[in-house]
Novice: 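Pasting a structure below so you can have a look.
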Amino acid sequence: MTAIAPVTVWCVWTAPPAAAASTHTITMTGTLTVSDAPGLASGRTTRSTPFSRLVRLSHDRPDQTLTASACVGGETRGEVSVQAHLRSDEMVVVNSSLRIFEGSDCLSTDLDGSTRLIEQGFKPRQSLTGFQMSVENGEVGSDDYARVNFDLKHDGDKGIGIGRPAEPSSVVATRDPADPTRVNLEWSDPATDETHFEIFNSTLRQAMGVTKDTTSFVWTGLPLGKQCFQVRAVNAVGASDFTPFNPRSECV
């Protein structure tokens, strides 16, 4: 039996109706401990401060920062910061850091020590627990310190967006020198759950569809002149974002 080749479908592009942006809520809860070294007229002061912070992310606002701080002795301040970034596949990537400041008051920006953790990511309805960081004052003769432990929780809407495939990347378009009406397209596919890809010609406002795991396509019958292309992955839940528009690689 002869195998049937995958079918590519030509269609006139019609923009889909706008959908409400899905919202991702990231919650950080923990305890920040700051200790101010003893002075000539006072002993060591240590304070542990519970905290709870949350931010909401969407594809319109994919970057937010959770911050908690505490000050003791009127001069030593610890600050934990978690930068959260929402990716097109609905995973949130976090970068966590802890800093210690010492100065004439609690608003001092004199940084005396910092540490950070490796980047981590988690999907909707998942948690990352057991974060721990510690940093000491780097100045000679000072043994101030800050310590923090915290957990992160990722809550996502049940609506459109959760479970979409990852966005393709590295789209490159090259015109066939032997036939200028043909354009060769290639891209990278980080997704594992797409059902097909859509290639969009933004010049003609037309699209083509190709099967999953495809990373190249030849668009034929094009008019002469500048042509620009973008690619997105699609599955039963929805579509990824289109690849960012880059005229250097995606236009020919």
Side-chain angles (χ1 to χ4, degrees), residues 5-16 18-19 21-22 24 57-64 83-95 118-124 154 156 160-252:
V7 176
T8 299
V9 180
W10 175 278
C11 65
V12 177
W13 179 261
T14 302
S22 57
H24 298 247
L57 307 174
S58 69
H59 292 288
D60 295 328
R61 298 186 64 188
D63 296 286
Q64 297 285 345
Q83 296 176 327
H85 170 71
L86 174 62
R87 302 192 325 190
S88 65
D89 61 355
E90 311 306 323
M91 178 175 284
V92 169
V93 176
V94 293
N95 287 277
I118 62 171
E119 182 178 87
Q120 298 188 56
F122 57 151
K123 296 179 180 180
H154 181 180
I160 295 172
I162 306 301
R164 298 186 308 163
E167 176 187 303
S169 62
S170 305
V171 177
V172 176
T174 55
R175 195 177 289 274
D176 188 338
D179 183 356
T181 68
R182 295 165 56 95
V183 171
N184 301 306
L185 296 160
E186 296 182 346
W187 60 88
S188 296
D189 173 21
T192 59
D193 57 352
E194 80 276 5
T195 57
H196 64 281
F197 290 95
E198 292 177 351
I199 304 107
F200 179 46
N201 183 323
S202 60
T203 304
L204 301 179
R205 306 295 296 176
Q206 293 176 338
M208 301 284 273
V210 295
T211 55
K212 68 177 182 178
D213 299 326
T214 303
T215 56
S216 64
F217 178 72
V218 180
W219 197 309
T220 62
L222 290 167
L224 299 180
K226 186 177 181 180
Q227 302 288 318
C228 297
F229 303 89
Q230 293 172 277
V231 182
R232 69 179 179 180
V234 184
N235 66 14
V237 176
S240 74
D241 294 339
F242 272 109
T243 50
F245 183 69
N246 182 354
R248 291 187 177 182
S249 63
E250 296 180 354
C251 295
V252 290

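Values below: all heavy atoms of this structure, side chains included; hydrogens, waters and symmetry mates excluded.
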Novice: Are Leu204 and Leu222 side-chain neighbours, meaning at least one heavy-atom pair lies under 4.5 Å?
Specialist: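 SC-SC contact between Leu204 and Leu222 confirmed.
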Novice: Passes side chain to side chain contact (heavy atoms under 4.5 Å, CB included), Thr181 versus Thr220? Steps please.
Specialist: CA-CA 6 Å; Thr181 68; Thr220 62; 5.8 Å; no
Novice: Work out which heavy atom in Pro62 is nearest to a heavy atom in Leu57; give both atom names and the distance.
Specialist: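 Scanning both residues completely, I find the closest heavy atoms to be O-CD2, 3.9 Å.
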Novice: With a 4.5 Å heavy-atom cut-off, do His24 and Pro124 have their side chains touching?
Specialist: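 They are in side-chain contact.
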Novice: Can you confirm whether Pro165 sits close enough to Asn235 that some side-chain heavy atom of one is under 4.5 Å from a side-chain heavy atom of the other?
Specialist: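 Pro165 vs Asn235: side chains touch.
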Novice: Quick check against the 3.5 Å criterion: does Thr243 have a side-chain atom that pairs as donor or acceptor with the backbone of Val231?
Specialist: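 Checked: pair present.
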Novice: Just jot down the side chain to side chain contact (heavy atoms under 4.5 Å, CB included) partners of Ala239, sequence neighbours excluded, or say none.
Specialist: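 Residues passing side chain to side chain contact (heavy atoms under 4.5 Å, CB included) with Ala239: Arg232, Val234.
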Novice: Using the test side chain to side chain donor-acceptor pair (under 3.5 Å), find all partners of Arg87 that sit at least two apart in sequence or belong to another chain.
Specialist: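 Arg87 satisfies side chain to side chain donor-acceptor pair (under 3.5 Å) with Asp89 only.
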Novice: Please determine, by modelled atom types, if Gln83 and Asp63 share a side-chain donor-acceptor pair under 3.5 angstrom.
Specialist: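 Looking only at side-chain atoms, Asp63 and Gln83 do not form any donor-acceptor pair under 3.5 Å.
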Novice: If you compare all heavy atoms of Pro168 against all heavy atoms of Ser240, which two are closest, and at what distance to 0.1 Å?
Specialist: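 Heavy-atom minimum between the residues: CD-OG, 3.6 Å.
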Novice: Taking CD in Gln120 as the centre, count heavy atoms belonging to other residues, nucleotides or ligands within less than 6.0 Å. Is the count above 12?
Specialist: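 For Gln120, atom CD is crowded (more than 12 foreign heavy atoms under 6.0 Å).
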Novice: Dump the intermediate steps for side chain to side chain contact (heavy atoms under 4.5 Å, CB included) on Trp219 and Met208, then the final yes or no.
Specialist: CA-CA 8 Å; Trp219 197 309; Met208 301 284 273; 3.5 Å; yes
Novice: What pairs with Thr174 under side chain to side chain contact (heavy atoms under 4.5 Å, CB included), at least two apart in sequence or on another chain?
Specialist: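 So Thr174 forms a side chain to side chain contact (heavy atoms under 4.5 Å, CB included) with Val172, Asn184.
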Novice: Using the test side chain to side chain contact (heavy atoms under 4.5 Å, CB included), find all partners of Asp241 that sit at least two apart in sequence or belong to another chain.
Specialist: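 Scan of Asp241 (side chain to side chain contact (heavy atoms under 4.5 Å, CB included), adjacent residues dropped) gives His59, Ser88, Arg164, Glu167.
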Novice: Could you grab the distance from atom CG of Asn201 to atom CD of Glu250, nearest 0.5 Å is fine?
Specialist: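 Between atom CG of Asn201 and atom CD of Glu250 there are 11.5 Å.
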Novice: Please examine the side chains of Phe197 and Thr215, heavy atoms only from C-beta on, and report whether any two atoms are closer than 4.5 Å.
Specialist: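 Side chain of Thr215 against side chain of Phe197, heavy atoms only: no contact under 4.5 Å found.
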Novice: Step by step, work out the side chain to side chain contact (heavy atoms under 4.5 Å, CB included) result for Arg175 and Val252.
Specialist: CA-CA 6 Å; Arg175 195 177 289 274; Val252 290; 4.0 Å; yes
Novice: Would you please name every residue forming a side chain to side chain contact (heavy atoms under 4.5 Å, CB included) with Pro177, sequence neighbours left out?
Specialist: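 None.
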Novice: Excluding sequence neighbours, so at least two apart, what forms side chain to side chain donor-acceptor pair (under 3.5 Å) with Asp213?
Specialist: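 Residues passing side chain to side chain donor-acceptor pair (under 3.5 Å) with Asp213: none at all.
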Novice: Do Lys212 and Glu194 touch side chain to side chain, with heavy atoms closer than 4.5 Å?
Specialist: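 Counting from C-beta outward, Lys212 and Glu194 do come under 4.5 Å.
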Novice: Does Ser170 offer a backbone N or O that forms a donor-acceptor pair with the side chain of Ser188 under 3.5 Å?
Specialist: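 Here the side-chain-to-backbone pair does not exist.
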Novice: By side chain to side chain donor-acceptor pair (under 3.5 Å), which residues pair with Gln64, not counting sequence neighbours?
Specialist: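 Here no residue qualifies.
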Novice: Under 4.5 Å between any side-chain heavy atoms of His154 and Met91, yes or no?
Specialist: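 Side chain of His154 against side chain of Met91, heavy atoms only: no contact under 4.5 Å found.
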Novice: Report the residues that fulfil salt bridge (Lys or Arg N to Asp or Glu O under 4.0 Å) with Arg182, sequence neighbours left out, ordered by chain and then residue number.
Specialist: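 Testing Arg182 for salt bridge (Lys or Arg N to Asp or Glu O under 4.0 Å), a comparison that skips the adjacent residues, returns Asp176.
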Novice: Are the side chains of Glu186 and Ser216 in touch, meaning some heavy atoms are under 4.5 Å apart?
Specialist: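 Glu186 vs Ser216: side chains touch.
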Novice: If you compare all heavy atoms of Val92 against all heavy atoms of Ala84, which two are closest, and at what distance to 0.1 Å?
Specialist: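 Taking every non-hydrogen atom into account, CG1-CB, 4.0 Å.
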Novice: Heavy atoms, side chains only, cut-off 4.5 Å: are Phe217 and Val183 in contact?
Specialist: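 Not in contact.
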Novice: Can you sort out the partners of Asn95 under side chain to side chain donor-acceptor pair (under 3.5 Å), two or more places apart, ordered by chain and number?
Specialist: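 Side chain to side chain donor-acceptor pair (under 3.5 Å) list for Asn95, sorted by chain: Glu119.
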Novice: Counting the benzene-type ring for Trp, do Phe200 and Phe229 have ring centres under 6.0 Å apart?
Specialist: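 Phe200 vs Phe229: aromatic centres not under 6.0 Å.
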